[in-house]
Number of protein chains: 2
Amino acid sequence: MMARRPTIRSVAEEAGVSPTTVSLVLNNNASAIPEATKERVVQAVRKLGYRPNPSARALSSSQTHTIGFITDVIASSGYAGRSIAGAQELSWANDKVLLIVNTGGDAAITRAAVDMLCDRQVDGVIYAAMSMCGVDLPEALLQIPTILVNAYDRQSRFPAILADEELGGYTATRTLIDAGHRRIGMLYGVPEVDAGRERLIGHRRALDEAGIAFDPALVRADCWFPEGGYRSTKALMTLDEPPTALFCVNDWVAMGCYEAVKELGLSIPGDLAIIGYDNHELAGLLRPGLTTMQLPHYDLGRKAVECLLAPAGSVAPNAVIRLPCPLIRRQSV
Amino acid sequence: MMARRPTIRSVAEEAGVSPTTVSLVLNNNASAIPEATKERVVQAVRKLGYRPNPSARALSSSQTHTIGFITDVIASSGYAGRSIAGAQELSWANDKVLLIVNTGGDAAITRAAVDMLCDRQVDGVIYAAMSMCGVDLPEALLQIPTILVNAYDRQSRFPAILADEELGGYTATRTLIDAGHRRIGMLYGVPEVDAGRERLIGHRRALDEAGIAFDPALVRADCWFPEGGYRSTKALMTLDEPPTALFCVNDWVAMGCYEAVKELGLSIPGDLAIIGYDNHELAGLLRPGLTTMQLPHYDLGRKAVECLLAPAGSVAPNAVIRLPCPLIRRQSV
DNA sequence: GTGAAAGCGCTAACAC
DNA sequence: GTGTTAGCGCTTTCAC
């Protein structure tokens, strides 16, 4: 036989007041209630170990203190986990909790997930994409405060929190320039990936700003995995005037560079400085450690909750908030 | 002005029955209700687009259709994400949803998380650890069906779902033996890590079974990162009788092997066959592709939900369920 | 300042 | 077979 949990009534009796008073005190609506009464209530709560029943609270107030978190892909690299961690930490600090749904990118599941979150009356919804992209989300989300993470709504109906990829590209290349390089190549990703395109734009801005002419011969597309980085590095380094520094669209590509450089008997950063992007788990374990730009997934998640918690209307529906990618300095530049 | 959602009453009126009947039909307790009535109810539900209010349902039935999922570390490699994906998929198929809390390994947060999950009356709790280990969990969990993933309770109060690391070690080494190797080394992790120890035990069992004497000279401890794999491989390969195959305690270590082997001018698998563990994101991108054992995180998460959903009492509190690590064949053996 | 009372939307015991 | 009724534990309006 299990001891029943104390209810607000039992607390009220213990404190010699009515349930209303207890409720008022517990919800900080007690401006009109004298300290002495408050204190009695608080004591009773403590004595009984009372904890409000969230279901009951939700039913009568329609507030669940729950935030829905939808991810398209959760299972690959730890990025989703980092956004979740960021979102959860701030939620938790505000007595809210995350209801997580992973859709696998399936539109039908996304729709069902949104319906479910509406049913459950979550206080807000965060939609987080694995890799930055435009998305079309179900209409039903318009009913709930919603914010996108690492994605933007194609119809600009919801605010978006994004990594500032352009600035990241700029910073990466700028770092190379500041280290004295003038012939700087970029191993640029596939055109379908938005992030890669923006990093390239930042790259060119840094070049422009430093008065370095952009040399198309030093940019290689089609790099996304180590293999591509390997091949492109070999190609670039056998040019008549090879680059002295390389900005890789991601750390995988940089790993391919490393291999090529080693095979060529060259040294990093002596013969070729390398900067990556993503701060992959292995970046710090490479020899030499890979200097790279970190994706601010944790911050994105945190910021999303911050926006959701902000007073209604303080974030415009079409707002786009860009968070910087910190530079992680290691030994490859 | 927002349209209110239909309630069970409105459905009842629409169908010309009482709310009870609707409830009965919707909860499959309608054995006594004739098809015709059922049909009318179903029609009314469809017409109104009725969806039950989970908070109300939870309040009166004390069933939230929610499973609590506690992780110690969610933010690093994608493992946690895979367990979550596995758990969520099966939950979802059973109309349940995951409430996720990440504790960062902090005991106080864990305690608070458990209390919160009790408050919210989750139907069950899954506690998932990042790397396999013994844990001490709050008493309060005894109130709720609880199951551990990739961890075991030091007091054996809860069932555990684990990867069968011993069998994995056995299979890895067995794979090497089957490929014709007799001098097989192991780059074994740090003793503090349970998983590494068990993989070593499996390794020795495979050796024994094949009638190969265990040679301590071929086992190197202190490998966990690429650096360790690199150093140990160099050491082993300069032995008078170097191994022809190596079982690495994880894929990071195997990556270090790769580097050493290349520097020595040897080839994989010609001069040295290598098998790793974890099926790291990069394993398939290495040249040659790394043969490795996959950690069944997805399955662990899924199995946990399966146990939670099973009729009470069908999983003994001290049960330990071990799931095999599949062998991922690539080109390094 | 505090309390009584009416729900929130649903389930389930019991009555018919 | 179906409906009536009494909660589930809390919030909130309104009266005192």
Side-chain angles (χ1 to χ4, degrees), chain A residues 2-42 44-45 48-66 95 116 118-123, chain B residues 2-42 44-45 48-66 95 116 118-123:
Chain A
M2 206 151 113
R4 286 171 64 84
R5 295 174 59 119
T7 67
I8 200 172
R9 264 238 317 271
S10 58
V11 174
E13 278 164 20
E14 176 72 30
V17 297
S18 78
T20 310
T21 306
V22 177
S23 175
L24 257 25
V25 171
L26 262 38
N27 294 293
N28 293 322
N29 292 336
S31 42
I33 293 176
E35 278 308 320
T37 311
K38 271 192 208 170
E39 189 51 29
R40 286 216 316 283
V41 170
V42 170
V45 165
L48 266 41
Y50 168 75
R51 324 195 84 220
N53 176 328
S55 304
R57 210 197 267 254
L59 180 58
S60 68
S61 71
S62 300
Q63 283 227 18
T64 54
H65 295 277
T66 300
D95 279 315
M116 182 277 285
C118 289
D119 290 351
R120 296 212 176 216
Q121 307 181 82
V122 294
D123 301 343
Chain B
M2 205 151 112
R4 285 171 64 83
R5 293 172 61 116
T7 66
I8 199 171
R9 264 234 324 265
S10 59
V11 174
E13 278 164 19
E14 176 72 29
V17 296
S18 78
T20 311
T21 306
V22 177
S23 175
L24 257 23
V25 171
L26 261 37
N27 293 293
N28 293 322
N29 291 335
S31 43
I33 294 175
E35 278 309 319
T37 311
K38 272 192 209 170
E39 190 52 28
R40 286 217 315 284
V41 170
V42 170
V45 165
L48 267 42
Y50 168 75
R51 323 195 86 221
N53 175 326
S55 304
R57 211 198 267 254
L59 180 58
S60 69
S61 71
S62 300
Q63 283 226 20
T64 54
H65 295 276
T66 299
D95 280 314
M116 181 276 283
C118 289
D119 291 351
R120 296 211 177 217
Q121 306 181 82
V122 294
D123 300 345

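Chain naming here is simple, since letters A, B, ... match the order of the sequence lines and numbering starts at 1 in each. Quick caveat, the model's predicted, so the values are computed rather than measured.
Contact detail for Pro6(B) and Leu48(B): the closest heavy-atom pair is CG-O, 3.5 Å. Taking all atoms of both residues into account, the shortest heavy-atom contact from Pro52(B) to Arg5(B) is O-NH2, 4.3 Å. Residues Arg40(B) and Ala15(B) approach most closely at NE-O, 3.1 Å, considering heavy atoms. Between Ser18(B) and Ala12(B) the shortest heavy-atom distance is C-CB, 3.6 Å.
In the set dG3(D), dG9(C), dT11(D), dT11(D) carries the atom at the smallest distance from any side-chain atom of Arg57(A). Among the nucleotides dG3(D), dG9(D), dT12(D), the one closest to the side chain of Ser18(B) is dG3(D). Across dT2(C), dT11(C), dC10(D), the shortest atom-to-atom separation from the side chain of Ile8(A) is found for dC10(D).
A donor N or O paired with an acceptor N or O is not found under 3.5 Å between the base of dA12(C) and the side-chain atoms of Ser23(B). A donor N or O paired with an acceptor N or O is found under 3.5 Å between the base of dT12(D) and the side-chain atoms of Thr20(A).
Within the nucleic acid shown, Thr37(A) comes within 4.0 Å of sugar-phosphate atoms alone, with no base atom in reach, counting heavy atoms only.
Note that CG of Asn53(A) is 8.0 Å distant from CG of Asp119(B), once rounded to the nearest 0.5 Å.
One atom, CD of Glu35(B), and another, P of dT2(D), lie 11 Å apart when rounded to the nearest Å. What separates CG of Leu26(B) from P of dG9(C) is a distance of 16 Å, to the nearest Å. With rounding to whole Å, Arg120(B) atom CZ is found 22 Å from dC8(D) atom P. We find that CD of Glu39(A) is positioned 17 Å from C1' of dG1(C), with the value rounded to whole Å. With rounding to whole Å, Arg51(B) atom CZ is found 16 Å from dG9(C) atom C1'. Spacing between atom CG of Leu24(A) and atom P of dT2(C) amounts to 10 Å, rounded to whole angstrom units. Rounding to whole angstrom units, CD of residue Gln121(A) and P of dC10(D) are separated by 17 Å. Put simply, CG on Asn53(A) is 17 Å from P on dG9(C), counting in whole angstrom units.
Between Asn27(A) and dT11(D) there is a side-chain N or O to OP1 or OP2 distance below 4.0 Å. Considering only side-chain N and O atoms, Ser60(B) lies nowhere under 4.0 angstrom from the phosphate OP1 or OP2 of dC8(D). One finds a side-chain N or O of Thr21(B) lying less than 4.0 angstrom from the OP1 or OP2 phosphate oxygen of dG3(D).
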